Asks: 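Sharing a structure below in structure tokens format, with a few things to ask.
The shown structure was predicted, so the numbers you read here are calculated from the model rather than taken from an experiment.
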Amino acid sequence: MSSNVSSGKHATLRYTSMRASIFLGCLMIALLLGHFGIIPVVGTTGIVFLVLLAALVSAPLSYVLLSKQRDEMSAQLTEKLSGMRSRTAERIAAQNAEEDAADEAARAASVKG
């Protein structure tokens, strides 16, 4: 149980770093293919093409390979958002109660006076 808690603790950081690693691996392969002439590279435009090719290849790989990490990250973000919503709702309820108490006190004072 504690391993689940610790694995979900930094889920966003883990997912992002793994996604960047997959992209960098694809970029390295594309640059090697360009260096050895398997993919023709001409100037700066060719390098930009290799970067775009690496992004295009890494996106579906990340989608397939990182589904578990993406689910953990989603659960972590959902938990944080629900906590923020409940704290906001509690704060609004407390403010409304204070305003109601002030209104009641003002009405009681006007009735007496």
Side-chain angles (χ1 to χ4, degrees):
M1 180 91 170
S2 63
S3 65
N4 274 346
V5 172
S6 64
S7 70
K9 190 172 183 181
H10 301 290
T12 303
L13 179 62
R14 184 179 306 104
Y15 174 77
T16 303
S17 63
M18 291 176 83
R19 180 117 193 241
S21 298
I22 289 173
F23 170 73
L24 291 175
C26 290
L27 180 60
M28 186 62 88
I29 291 170
L31 289 173
L32 286 173
L33 292 173
H35 177 71
F36 290 113
I38 298 170
I39 298 175
V41 178
V42 179
T44 307
T45 307
I47 300 296
V48 171
F49 171 74
L50 292 178
V51 170
L52 292 175
L53 179 65
L56 186 68
V57 170
S58 70
L61 285 174
S62 296
Y63 182 77
V64 171
L65 297 175
L66 301 179
S67 64
K68 179 182 174 188
Q69 289 79 11
R70 189 173 45 255
D71 292 342
E72 288 177 1
M73 180 181 68
S74 175
Q76 181 187 32
L77 291 174
T78 301
E79 183 180 320
K80 283 185 180 182
L81 284 175
S82 66
M84 288 173 54
R85 286 182 183 147
S86 65
R87 285 191 302 273
T88 301
E90 289 170 2
R91 189 174 60 239
I92 289 172
Q95 289 173 349
N96 287 342
E98 288 177 14
E99 288 176 4
D100 291 345
D103 287 345
E104 301 253 341
R107 283 190 197 127
S110 68
V111 170
K112 288 183 181 179

Asks: To the nearest 0.5 Å, tell me how far Ile29 CD1 sits from Leu24 CG.
Replies: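 Result: 11.5 Å between the selected atoms.
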Asks: List in chain and number order the residues that pass side chain to side chain contact (heavy atoms under 4.5 Å, CB included) with Leu32, two or more places apart in sequence or in another chain; answer none if no residue qualifies.
Replies: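 With sequence neighbours excluded, Leu32 shows a side chain to side chain contact (heavy atoms under 4.5 Å, CB included) to Met28, Phe36, given in chain and number order.
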Asks: Give me the atom names and distance for the closest heavy-atom approach of Ile39 to Phe49.
Replies: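 It is CG2-CE2, 3.9 Å.
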Asks: Using every non-hydrogen atom in the two residues, find where His10 and Gln76 come nearest and quote the distance to one decimal.
Replies: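 Closest approach of His10 to Gln76, heavy atoms only: N-NE2, 4.1 Å.
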Asks: Nearest 0.5 angstrom please: Thr78 OG1 to Met73 CE, how far?
Replies: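 Between atom OG1 of Thr78 and atom CE of Met73 there are 10.0 Å.
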Asks: Which of these passes side-chain contact (heavy atoms from CB on, under 4.5 Å) with Leu66: Thr16, Ile22, Asp71, Leu61?
Replies: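 Testing Leu66 for a side-chain contact (heavy atoms from CB on, under 4.5 Å) against Thr16, Ile22, Asp71, Leu61 leaves exactly one candidate, Ile22.
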Asks: So, for Phe23 and Ala55, which heavy atoms are closest and what is the spacing to 0.1 Å?
Replies: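 Shortest heavy-atom separation between Phe23 and Ala55 comes out as CE1-N, 3.6 Å.
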Asks: How close do Cys26 and Val57 get, counting heavy atoms only, and between which atoms?
Replies: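 Cys26 and Val57 have their closest heavy atoms at SG-CG1, 3.9 Å.
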Asks: Are Leu65 and Tyr15 grouped together when hydrophobic residues (ILVMFWY) are joined by side-chain heavy atoms under 4.5 angstrom apart?
Replies: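 Both belong to a single hydrophobic cluster.
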Asks: Please give the remaining members of the hydrophobic cluster of Leu56, linking ILVMFWY side chains under 4.5 Å, ordered by chain and number.
Replies: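 Grouped by the 4.5 Å side-chain rule, Leu56 forms a cluster of one, so the answer is none.
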Asks: Enter the distance from Arg91:CZ to Ser86:OG here, rounded to the nearest 0.5 Å.
Replies: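 Rounded to the nearest 0.5 Å, the CZ-OG separation comes to 10.5 Å.
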Asks: Could you pull out the closest heavy-atom pair between Arg70 and Tyr63, with the gap in Å?
Replies: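 Between these two residues, the closest heavy atoms are NH2-O, 2.9 Å.
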Asks: From Met18 CE over to Ser62 OG, what is the distance, rounded to the nearest 0.5 angstrom?
Replies: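 Between Met18 CE and Ser62 OG, I get 9.5 Å after rounding to 0.5 Å.
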Asks: If you measure from CE on Met84 to NZ on Lys80, what distance do you get to the nearest 0.5 Å?
Replies: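 One gets 10.0 Å once the value is rounded to the nearest 0.5 Å.
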Asks: Could you list who else is in Val42's hydrophobic cluster, with ILVMFWY side chains joined at under 4.5 Å, directly or through other members?
Replies: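 So far as hydrophobic clustering goes, Val42 is joined with none.
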